[in-house]
Structures are given as C-alpha cells and as structure tokens.
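Here is the structure we will look at.
Only a predicted model underlies this, so the values are computations on that prediction, with no experimental measurement involved. These values consider heavy atoms only, across backbone and side chains, with no hydrogens, waters or symmetry-generated copies. Atoms within each ligand, like the ligands themselves, are counted from 1 in listed order.
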Amino acid sequence: MSDLSQAASALRGGLFGVQVHVFAALDSTNDTAAALGRSGAPEGTLVIADRQTRGKGRLGRKWDSRPGLGLWFSVLLRPEMDVRRAAGLSMVGAVGVASALREGYHLSAEVKWPNDVMVGTRKICGILAEGAVTGDAMDFAVLGIGINVLHSEQDFPEDLRAKATSVSLETGKAVPRVEVLAGVAAALESRYVAFKRRGFASVRPELLGISPLIGTSVRVTAGRDRLEGTAVDIDENGALIVETAGGEHRRLWAGDVVDFA
Ligand code: BTN
C-alpha cells in the first residue's frame, strides 16, 4: 500500500483531511463512505483503498481497481441543498480533478460531459456521485473518484488499452499517488466551497473552457434514447444542449457521449 499510508498527513489542514480512512482493500470506497455518512461522519471524510474488489462505474458498470496503480477514493459531502442543485456535484468533481492535473502535471486534461476526465481521446479519471435523499433535500452525497496514476498500457484490461491513460503514461514519470491526491483534494475543495455558495454558475465557465464536446458532432445515449447532433452548450444547471439536424435544441440531464468529432 506504500504511499497511501501517508494520505492523512498529505491532506492535513484541508477540508478533505478532517477524517481520512485508508484501507488495503474494500468492495467500493463509495459504499464505505456512504456507510460513514449514515453513521454521522463529518463533511470532508475521505475513504481511500489501494484496491477495490467491486469498484463501481457509472450506469451500473464495473470499475477496474487493481492495487498499487490508481487513486480510488470517495469524499463525503453534506452540501445542504436540494437534489436538483446537487446534481452538478459530479461536474464540480471533474473540473477539480482536471484542473489539478493541468496545474500539477501540465496535462491537457479536459472534461467530457458529464464527468469523464480525458487527455485527448483517452480517459484518465472517472467520477461516480451517489447520494442519500430525504424528500427533496440531500442528507449527504458521496463523490467517488478513480484516477489512473501509475498504470502502463499493459496494466489496463485489454479492451480499455486504446481508451485509457494514466498520469505516468502522460508525464513519463512515476508520480506518487499521494502527491496527486493532495493536489486534487486542494483543487476540489476550492471548487466545492464556491459551488455551495454560488451553485453551478461558479464552475460553469471553467467547465466550458475545458469541454471538448462543445461545437462538435455527438452521439449520445440516454437510457434507451439515442440522439445525434451538435453539442452547443452546457446550460446553467449542467444539462448538455444538443442541436439536432432539424434545428431543435434538446436538453440532456444524464447520458453517455459515445462518439464525438
Ligand atoms: C465511471 O467513469 O464510470 C465512474 C468511475 C468511478 C470510480 C471510482 S473509484 C472510487 C469510487 N469507488 C467506486 O466504487 N467507484 C468510484
């Protein structure tokens, strides 16, 4: 587990250093963070594991979480806002990760709506936001972040090799995972504090500045729906606006951009 044992000292003093739980292995850091959330743990609690045996991706997918290579962690948030407003949290997370990778390692990291962090056409980080809700109010949210750090191409499952990248592959250096964690935690904290104060408007300009989809032709799947058109905007609530061939503007709240060019 090596460098992860230093996570608590690397995060000391920040919001995400309030409680740091480091594990050699967990089913999913999101599940453990949610259990801590239910038992009253404070905002900022961070759960990190060297390996996940049931790492979860978006849309019910699995997240490959082998040991020694990635940063697999979740943060517990108590944003005190209604569910509709909290929907922007995963994009806040993606912008925080992308900005930390840009500033810390000069990577041209971008955010592919809704919340994949990409370098060029390859994914370097995925985010899974989950929450517990009473009525319209968020009890807490869990922001789960998976960043490929030390992977070589062979370390990815075969079907992902052409689609995934890591901090090491992009920089040519074996960057310590705790160093990436500290940079991401700081970048995330500043965006999250602004988001609580001003909502999605606080992150939208930065997001639009690093969104490779805008102005491109996209194919999007949203549940059973398939949509093709030109991505023209991300609106003030975080929805992707796609202009169809007929000139209609469709607003998408969730989905998967399967192709863009
Ligand atoms: C995706 O792109 O599909 C989202 C992937 C999210 C993976 C992270 S790893 C840490 C946290 N725990 C999980 O089980 N999933 C998230």
Side-chain angles (χ1 to χ4, degrees), residues 1 4 7 11 16 20-37 41 44-77 87-98 100-101 109-119 121-132 140-151 155-157 159-160 162-167 177-178 180-181 184-185 188 211-213 220-223 238 240 254-258 260:
M1 181 150 76
L4 293 190
L11 297 170
F16 301 118
V20 179
H21 301 269
V22 184
F23 295 87
L26 283 178
D27 286 354
S28 158
T29 57
N30 267 30
D31 292 349
T32 300
L36 288 164
T45 295
L46 186 140
V47 176
I48 185 162
D50 189 40
R51 177 165 80 98
Q52 298 182 111
T53 50
R54 289 188 196 180
K56 299 189 286 186
R58 288 177 63 235
L59 309 171
R61 298 185 189 120
K62 287 187 190 146
W63 183 258
D64 188 79
S65 318
R66 44 195 83 188
L69 298 173
L71 269 177
W72 323 130
F73 70 100
S74 303
V75 292
L76 176 66
L77 304 173
L89 271 175
S90 62
M91 282 177 257
V92 171
V95 167
V97 172
L101 297 181
E110 297 182 304
V111 177
K112 183 180 139 215
W113 183 91
N115 52 25
D116 286 342
V117 183
M118 312 289 291
V119 177
T121 56
R122 291 171 187 251
K123 180 159 160 174
I124 197 163
C125 165
I127 295 185
L128 177 67
E130 298 182 294
F140 62 80
V142 170
L143 198 58
I145 299 180
I147 308 176
N148 305 324
V149 180
L150 291 163
H151 298 64
D155 292 321
F156 292 111
D159 58 321
L160 293 183
K163 299 183 202 161
T165 190
S166 70
V167 179
R177 288 178 294 174
V178 280
V180 179
L181 178 66
V184 167
L188 196 57
S211 287
L213 299 186
V220 191
T221 57
L240 182 70
D256 219 12
V257 177
V258 288
F260 68 101

Keeping Ser28 on the side-chain end and Asn30 on the backbone end, is there a donor-acceptor pair under 3.5 Å? yes
If we check side-chain hydrogen bond (donor to acceptor under 3.5 Å, both in side chains) with Asp64, which of these qualifies: Arg66, Lys62, Arg61? Arg66
When Ser65 is tested against each of Gln52, Arg54, Lys56 for side-chain hydrogen bond (donor to acceptor under 3.5 Å, both in side chains), which residue passes? Gln52
Go ahead and list the nitrogen or oxygen contacts between ligand 1 and the protein that come in under 3.5 Å, distances to 0.1 Å, or just say none.
{"unit_1": "ligand 1", "atom_1": "2 (O)", "unit_2": "Lys123", "atom_2": "NZ", "d": "2.6"}
{"unit_1": "ligand 1", "atom_1": "3 (O)", "unit_2": "Arg58", "atom_2": "N", "d": "2.7"}
{"unit_1": "ligand 1", "atom_1": "12 (N)", "unit_2": "Thr29", "atom_2": "OG1", "d": "3.0"}
{"unit_1": "ligand 1", "atom_1": "12 (N)", "unit_2": "Gln52", "atom_2": "OE1", "d": "2.9"}
{"unit_1": "ligand 1", "atom_1": "14 (O)", "unit_2": "Ser28", "atom_2": "OG", "d": "2.7"}
{"unit_1": "ligand 1", "atom_1": "14 (O)", "unit_2": "Gln52", "atom_2": "OE1", "d": "3.4"}
{"unit_1": "ligand 1", "atom_1": "14 (O)", "unit_2": "Lys56", "atom_2": "N", "d": "2.7"}
{"unit_1": "ligand 1", "atom_1": "15 (N)", "unit_2": "Lys56", "atom_2": "O", "d": "2.8"}

Distance-only, no hydrogens or angles: does the Ser166 side chain make a donor-acceptor pair with backbone N or O of Asn148 under 3.5 Å? no
Can you check whether Val97 reaches Leu188 side chain to side chain, under 4.5 Å on heavy atoms? no
With Phe260, which residues qualify under ring pair (Phe, Tyr, Trp, His ring centres under 6.0 Å), at least two apart? none
